[in-house]
Amino acid sequence: TVAIAGIPPLAGFFSKDAILAAAWGSNKILWGVGLLTAGLTACYMFRAVYMTFEGEFRGTEEQKSHLHESPKVMTVPLMILAVGSVFAGFLGIPKLGSFDWNVFGHFLEPVIVDVGHDSHGHHASVTVELLLMAVSVIGAVTGILIAKNLYKTRGLEGGESWAKRSPGAHKLLLNKYYVDEIYDATAVKGTWGAARSLFKFDAGFIDGFLVMGSRHITVATALVSGFFDKYFVDGLVNLIGWILKVWSRLLRTLQTGLVSQYALVVVIGVFALVCFFVVFRVV
């Protein structure tokens, strides 16, 4: 907990100081946000310690009777991590003037861009570096003292008293800055809204207007074409066939095969022509 809080000379102090120094050289607002975050980190880490190991047991007697140390599969890795949290920071000591023993930093130099400089392109002076370290430690200690004042002796009541004094901030933090609500109102509901709109567009315009409209036009065209083909084209063909059929019946009565009838028709025809010639010649 002390290492994560950023108290020297533990590992968390060196990593935190490197981040804050880089932020100071690039953007003072980001440095301020980082410093505040470091103080909050120290506060909630010690809150967890005080709420877990200080004060009276808040569970039942049955739960209290079952309390025991974790097995070695848990404690041995924690011991290894504890050693690293104490000594690993010495591999990344920040550069102070001519003193430069940042083994970890030099190891990462081929793949890391150096942004820990001020606006003039130079690394901060030793005095500024020491002041930044001091301010970060003060911020961490302040967070620890706040956690101690609120939670060591008063437990949950300390948090409740802070919530009563600052209900707005408590509600904001309790709701995690409303990130979930904002995400739900924008990304989730926005995605669902866009999906519904696209579905309505697809069902109403694409399927309804274009596809079904094309279907209705095709069916109507087919009906008109079928009517025209059935009653005009086929009707005309059938009319011609009917006319030929009727005339063939009339002409068939004249084709008897009797020579006497053919001779009679010839005589009648000659007689008709003579009469016609005589009548029109007289006139």
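All values below were derived from every heavy atom in this structure, side-chain atoms included, with hydrogens, water molecules and symmetry-related copies excluded.
- The side chain to side chain contact (heavy atoms under 4.5 Å, CB included) check on K171 picks up N175, Y178, with sequence neighbours excluded.
- Among residues two or more places apart in sequence or in another chain, the ring-ring contact (aromatic ring centres under 6.0 Å, His included) test is passed with F209 by F205.
- The side chain to side chain contact (heavy atoms under 4.5 Å, CB included) check on F107 picks up nothing, with sequence neighbours excluded.
- For Q261, the side chain to side chain donor-acceptor pair (under 3.5 Å) criterion is met by T256, not counting sequence neighbours.
- K176 pairs by the side chain to side chain donor-acceptor pair (under 3.5 Å) definition with D180, not counting sequence neighbours.
- Residue I19 belongs to no hydrophobic cluster, having no ILVMFWY side-chain heavy atom closer than 4.5 Å to its own.
- When hydrophobic residues (I, L, V, M, F, W, Y) are linked wherever their side-chain heavy atoms come within less than 4.5 Å, the members clustered with L223 are V219.
- Under the side chain to side chain contact (heavy atoms under 4.5 Å, CB included) criterion, T41 pairs with I4, T37, Y44, M45, sequence neighbours left out.
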Would you mind writing out the side-chain donor-acceptor pairs for residues 63-81 within the sub-3.5 Å range, not counting sequence neighbours?
| unit_1 | atom_1 | unit_2 | atom_2 | d |
| --- | --- | --- | --- | --- |
| Q63 | OE1 | T60 | N | 3.0 |
| S65 | OG | E62 | O | 2.6 |
| T75 | OG1 | P71 | O | 3.4 |

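- Applying the under-4.5 Å side-chain rule to Ile, Leu, Val, Met, Phe, Trp and Tyr, the cluster around Y231 extends to F227.
- Here W192 sits in one hydrophobic cluster together with Y183, V188; the rule is ILVMFWY side chains under 4.5 Å apart, joined directly or through other members.
- Rounding to the nearest 0.5 Å gives a distance of 9.5 Å between CG of L35 and CD1 of I138.
- Judged by the 6.0 Å and 45° rule, K245 forms no cation-pi pair with W247.
- Between the CD1 atom in I182 and the OH atom in Y177 there is a gap of 12.0 Å [rounded to 0.5 Å].
- For V237, there are no side chain to side chain contact (heavy atoms under 4.5 Å, CB included) partners two or more places apart in sequence or in a different chain.
- The side chain to side chain contact (heavy atoms under 4.5 Å, CB included) test with V270 singles out one residue from L273, V267, V266, and that residue is V266.
- Residue-environment remark: CZ (F57) exceeds the threshold of 12 foreign heavy atoms within 6.0 Å.
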